[in-house]
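Read through the structure below, which is laid out as structure tokens, and then see the notes.
Each chain gets a letter, A, B and so on, in the order its sequence line appears, and its residues count up from 1.
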Number of protein chains: 2
Amino acid sequence: MSSGESRTGGDASGRSHAAGLAHRVPDLGALELLLAVARLGSLGGAARELGISQPAASSRVRSMERQLGVALVDRSPRGSRLTDAGALVTDWARRIVEAAEAFDAGAQALRDRRDSRLRVAASMTIAEYLLPGWLVALRAQRPDTAVSLHAGNSAVVAQRLLADEADLGFVEGVSVPAGLDSAVIAHDRLIVVTAPTHPWARRRRPLAARELAETPLILREKGSGTRQVLDAALGGLARPLIEVSSTTAVKAAAVGGAGPAVLSELALGEELAMRRLVRVPLDGVSLARDLRAVWPTGHQPAGPARHLLSLTRAQPRT
Amino acid sequence: MSSGESRTGGDASGRSHAAGLAHRVPDLGALELLLAVARLGSLGGAARELGISQPAASSRVRSMERQLGVALVDRSPRGSRLTDAGALVTDWARRIVEAAEAFDAGAQALRDRRDSRLRVAASMTIAEYLLPGWLVALRAQRPDTAVSLHAGNSAVVAQRLLADEADLGFVEGVSVPAGLDSAVIAHDRLIVVTAPTHPWARRRRPLAARELAETPLILREKGSGTRQVLDAALGGLARPLIEVSSTTAVKAAAVGGAGPAVLSELALGEELAMRRLVRVPLDGVSLARDLRAVWPTGHQPAGPARHLLSLTRAQPRT
DNA sequence: TGAGGGCATAAGCTGGGGTTATGAGCAGCG
DNA sequence: CGCTGCTCATAACCCCAGCTTATGCCCTCA
């Protein structure tokens, strides 16, 4: 423990800010409560909706205000309305709660494995970024559909479908595995990104295919959908600088300045918006790829599978 | 209680699922812990990083696994690695934690009001959707910059800047208030959306400007940036079906099927992706608008203001 | 074979969040 | 004009989730 003590003083380098997040952000229950208050205009009403007592709600909101150092609701003898700051906080809180809903829907699908009526197999990128949203939507419309989820690469997805261990699959590879029918549900594109400090970040002239092929890149492992597409586009030439097994690890390496990386734009929303990574324009190579729903040839999706499929269509191009 | 029971049937309805979210989703502390375990490959290491004891970390992860009904980490005598399911869960968890970081950065800015070195005034849409991300990035680069935030419409932003109550402003209106210099930092667009059940959702032919002007719409109140742009584009003709004072309320009404709504595409990411709302193509009207940073004429942003400004540039068009 | 890192178990404390019971401010109505 | 009904606040009490320290086992490596 003494070693622990001695370290504590240093306050964990740059990460000290993130460390106490949980102490500075109200917990999910409190945020849900705040949303309910916003919607219903009354502490007591919100309490009833969440199945707790009115004093509990009152004290919880109060302690949230103390924690944030900001008045969130105007209490009056005939109801409670959000303050200006409260409205803003509530909007930010909603993002957390929505992320939590997606988490919940996903986690439920990982658990339900046994008796589920709809068994889904999906590639990692889709399972990470798209599926939770679909599951939330599905649950909203058909709350009683138990879904199970298995994530793996294209080969695994195909295998599970053909072994009747899954009813519906999603793949992101460049080709559709044999024995499966498919429908395109969205378009994705791989993009080249670097840390803002990298020389390429300031390039104006688009990168040529050859340059990309000749430069060592941070990449997903061979066999991943992302890698397949890139190799195909470059003619199998992609040179790995580092090879890692998750999108997250690729991003971490790129943000850390290890070098240029190639990633699905699906995975890069936040990083691009916050400029932790910047996109490098590319010329002469098309890294577009289709995201597809797949199912065993002949077995048109029906029932819950068909319903989920209908939710995934027409991903808008913003 | 009994009275509570009887009422519950009424409006809770679809929302019943959301009620217990906090019981089904691990709290932020647990999620942070999971991320640390993923990054460090060891429970004890993660515990040290978060400043808690190793048994605390162990038990916390265990109870998280119990709660989710899924094994998340493979413990071995020489470290812990995520299981496949654990990797997926961790990725979903990261979204929650990121939303929480944005929340925290925003909340901090609402609190710091007093002694802050950088005072920001922003329009609602920007404060809601863009600013928290910028603040997170700013904090990552300059952890000691205390920022304060005041949200209001363009007029309020201008007033605060001119009264030297703010150092930097952000507006979304159609024109730049007098006395201010500005720089375009991003492009936004208003779009027409309806619930998927609305007849317009199935339209193939784009909507003409006249049709839009003649149809009663769910709108933000007069004076809001959104409304200004729409009125300008239609020649002051927009007919309100319902007028509400927050983006959220507009979305809620639209999702509920009250009618078509006009909203910033910034506000609609989730809703479009999950198809709670669908976009109606529009023809002959340009609802594009610039988002601008503004400051008192002559007072070029310097110091922290300049730095924040540099983070906001070049919002990528996806 | 002993040192060290990693995880688990056990026993005990603390506090946040819950409950019930009660009071007080304000609106609307017979 | 005072009752009824809605709101929120305060007080006193309880419980358990999550923390701590102390310990032990397992495995690896020098």
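- Taking atom CG of B/L43 as the reference point, atom P of C/dT9 lies 12 Å away to the nearest angstrom.
- One atom, CZ of B/R66, and another, C1' of D/dG18, lie 12 Å apart when rounded to the nearest Å.
- Closest contact between the side chain of B/P55 and the listed nucleotides C/dA8, D/dA9, C/dC7 involves C/dA8.
- Rounded to whole angstrom, the span from the CZ atom of B/R62 across to the C1' atom of C/dA10 amounts to 14 Å.
- As a whole-Å value, the separation of B/Q54 CD from D/dG18 C1' is 15 Å.
- Rounding to the nearest 0.5 Å gives a distance of 9.0 Å between CG of B/L110 and CG of A/L72.
- Using a 4.0 Å cut-off, no side-chain N or O of B/S58 falls inside it from OP1 or OP2 of C/dC7.
- B/A47 pairs by the side chain to side chain contact (heavy atoms under 4.5 Å, CB included) definition with B/I52, B/A57, not counting sequence neighbours.
- Remark: the backbone N or O of B/D27 is not paired with any side-chain donor or acceptor of B/E32 at under 3.5 angstrom.
- Rounded to an integer number of Å, the gap from A/E65 CD to D/dC8 P is 12 Å.
- Contact between A/L68 and A/P26 at its shortest, heavy atoms only, is CD2-CD, 4.1 Å.
- Looking only at distances, a side-chain donor or acceptor of A/S246 sits under 3.5 Å from a matching main-chain atom of A/A249.
- With rounding to the nearest 0.5 Å, the separation of CG in B/L33 from CZ in B/R60 is 7.0 Å.
- A heavy atom lying under 4.0 Å from DNA chain C marks the following residues of residues 69-81 of chain A, by number: A/P77, A/R78.
- For the pair A/R75 and A/E65, the salt-bridge criterion is met [side-chain N within less than 4.0 Å of a carboxylate O].
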Are there any protein N/O atoms within less than 3.5 Å of an N/O atom in nucleotides 14-18 of chain C, and if so, which ones and at what distance?
from	atom 1	to	atom 2	distance (Å)
C/dG17	OP1	A/D27	OD2	3.4
C/dG18	OP1	A/R60	NH1	3.3

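- One atom, CZ of B/R48, and another, P of C/dC7, lie 9 Å apart when rounded to the nearest Å.
- Under the 3.5 Å distance criterion, the side-chain polar atoms of A/K251 are left unmatched by any main-chain donor or acceptor of A/E271.
- Residue A/R139 holds its CZ atom at 8.0 Å from CD of A/E101, rounded to the nearest 0.5 Å.
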